[in-house]
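Below you'll find the structure, written out as structure tokens, and then a few comments.
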Number of protein chains: 2
Amino acid sequence: MNEGVEWATHTCLNLAWLGDERAVPAARLAAFYELPAAYLNKQLQALARAGILTSVSGPRGGFRLAKAPDQVTLMDVVTAIDGPDPAFRCTEIRLRGGSSSGTTRYRTPCAIDTAMRKAELAWRRELAAQTLADVMTTVEATNPGVPDKVRRWFDDTH
Amino acid sequence: MNEGVEWATHTCLNLAWLGDERAVPAARLAAFYELPAAYLNKQLQALARAGILTSVSGPRGGFRLAKAPDQVTLMDVVTAIDGPDPAFRCTEIRLRGGSSSGTTRYRTPCAIDTAMRKAELAWRRELAAQTLADVMTTVEATNPGVPDKVRRWFDDTH
DNA sequence: GGCAAACTACTCGGATATCCGGTGTCCGAGTCATCATGG
DNA sequence: CCATGATGACTCGGACACCGGATATCCGAGTAGTTTGCC
């Protein structure tokens, strides 16, 4: 899976804690984790195209969460960064070669593709069942000080 | 996911239908789907290392299934080709940057990593629940002529 | 004819090139805050 | 003092290099079948 998925998810969590009052520039969001700013910007653009973030240009601009945290699933984030294509891509090799040259016509979908899709669907279902709000709840339960700390860090000037 | 996963799975299915009486060379297995023989050979070696296939050198050599089809899960095949690493790799970026410099010690695992692992576990569970024998049953139910056809093709000299 | 040894052809196995998508970077378009200026 | 216009800096957005891993290929090690020669 894409590396940017991790960056994007953590950044979304930070934006969720900061609230949607103000917009945060990509450079600031990147500095929080010492990530390359320009590259994180690329990922944030993808999130904006997917409707997860809203972007504002110019001074005082930046990114903010477009929806409530409980309306954004991990599936949304992963799809925005990693693309909508399934991990297993059936190329229908059963139709190639001398095996099926003109004789057999497969009316049913490839059984292997079906099995892979079934597994991938379970994966997507699990990701779609967890929202950013759920992850926030987990973090606050295990590390209660984190949200305030994030807010203070972004309030300070660096 | 790796392209070779599809080739490997289809080839395992063919070997299952042919039975483990005789060994089939990689070149013949590749010709069935018009695949590059040397590259498929690479995948078959990975399957052999994983204990899914057994390889025999020399004339009359080749590959054959090492276990009964109901003892080989799709998870086994995918792991053999694509590697055992999880798709989502947590790099613990929460420990980097000024955010957690020396102050907070996270005793609990990363919540995002946990969520991703949960989804991936569901995926692995689905793959592990389906064996080659299950896929064979599906194919025979939808396309009954396929197994015999495969056997005939591999019996013929080309 | 039977047997053994050398030979040959075949197959796996790993080492070696090539190509493409992710990784990383940079600069231009657009925008908003600021500041100077005049009324 | 207030309104207004120009100015400037800041930020996003997309276009441009770079690199590692997947893709694809080739050749050597080893083996089994075959042939040939000898007893």
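In this text, all values refer to a predicted model and were calculated from it rather than measured experimentally. Just so it is clear: chains get the letters A, B, ... in the order the sequence lines come, proteins before strands, and each one is counted from 1.
Side-chain proximity of A:Ala26 to the nucleotides D:dC12, D:dG13, C:dC12 is greatest for D:dC12.
A salt bridge links B:Asp155 with B:Arg22: the distance from a Lys NZ or Arg NE/NH1/NH2 to an Asp or Glu carboxylate oxygen falls below 4.0 Å. Ion pairing between a basic and an acidic side chain is recognised when a charged N comes within 4.0 Å of a carboxylate O; B:Lys118 and B:Glu120 show no such pairing.
Looking only at distances, a side-chain donor or acceptor of A:Arg151 sits under 3.5 Å from a matching main-chain atom of A:Trp17. The closest donor-acceptor contact from the side chain of B:Asp82 to the backbone of B:Asn2 lies under 3.5 Å.
A:Leu35 has its CG atom 9 Å from the P atom of C:dG24, to the nearest Å. Counting to the nearest Å, the P atom of D:dG13 and the CG atom of A:Leu53 are 10 Å from each other. What separates CG of A:Leu29 from C1' of D:dC12 is a distance of 13 Å, to the nearest Å. Atom-to-atom, CD of A:Gln45 to C1' of C:dA29 comes out at 13 Å; the value is rounded to the nearest Å. In this entry the distance linking CZ of B:Arg49 with C1' of C:dG13 reads 9 Å, nearest Å. One can place CZ of A:Arg89 at 13 Å from C1' of C:dC20, the figure rounded to the nearest angstrom.
Neither side chain, B:Asp134 nor B:Thr137, offers a donor N or O lying under 3.5 Å from an acceptor on the other. Residues A:Glu6 and B:Thr91 bring a donor and an acceptor atom of their side chains to less than 3.5 Å of each other. Under 3.5 Å, the side chains of B:Thr79 and B:Asp76 contain no donor-acceptor pair of N or O atoms.
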What does nucleotides 22-33 of chain D look like as a protein-contact string, B for base, S for sugar-phosphate only, - for none, at under 4.0 angstrom between heavy atoms? SBBBB---BBB-
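In this structure, the helix from C:dG1-D:dC39 to C:dG39-D:dC1 shows an angle of 0° between the axis at its start and the axis at its end, each fitted on 5 base pairs and rounded to 10°.
When the side-chain hydrogen bond (donor to acceptor under 3.5 Å, both in side chains) test is applied to A:Asp113, the partners found at least two apart in sequence or on another chain are A:Arg117.
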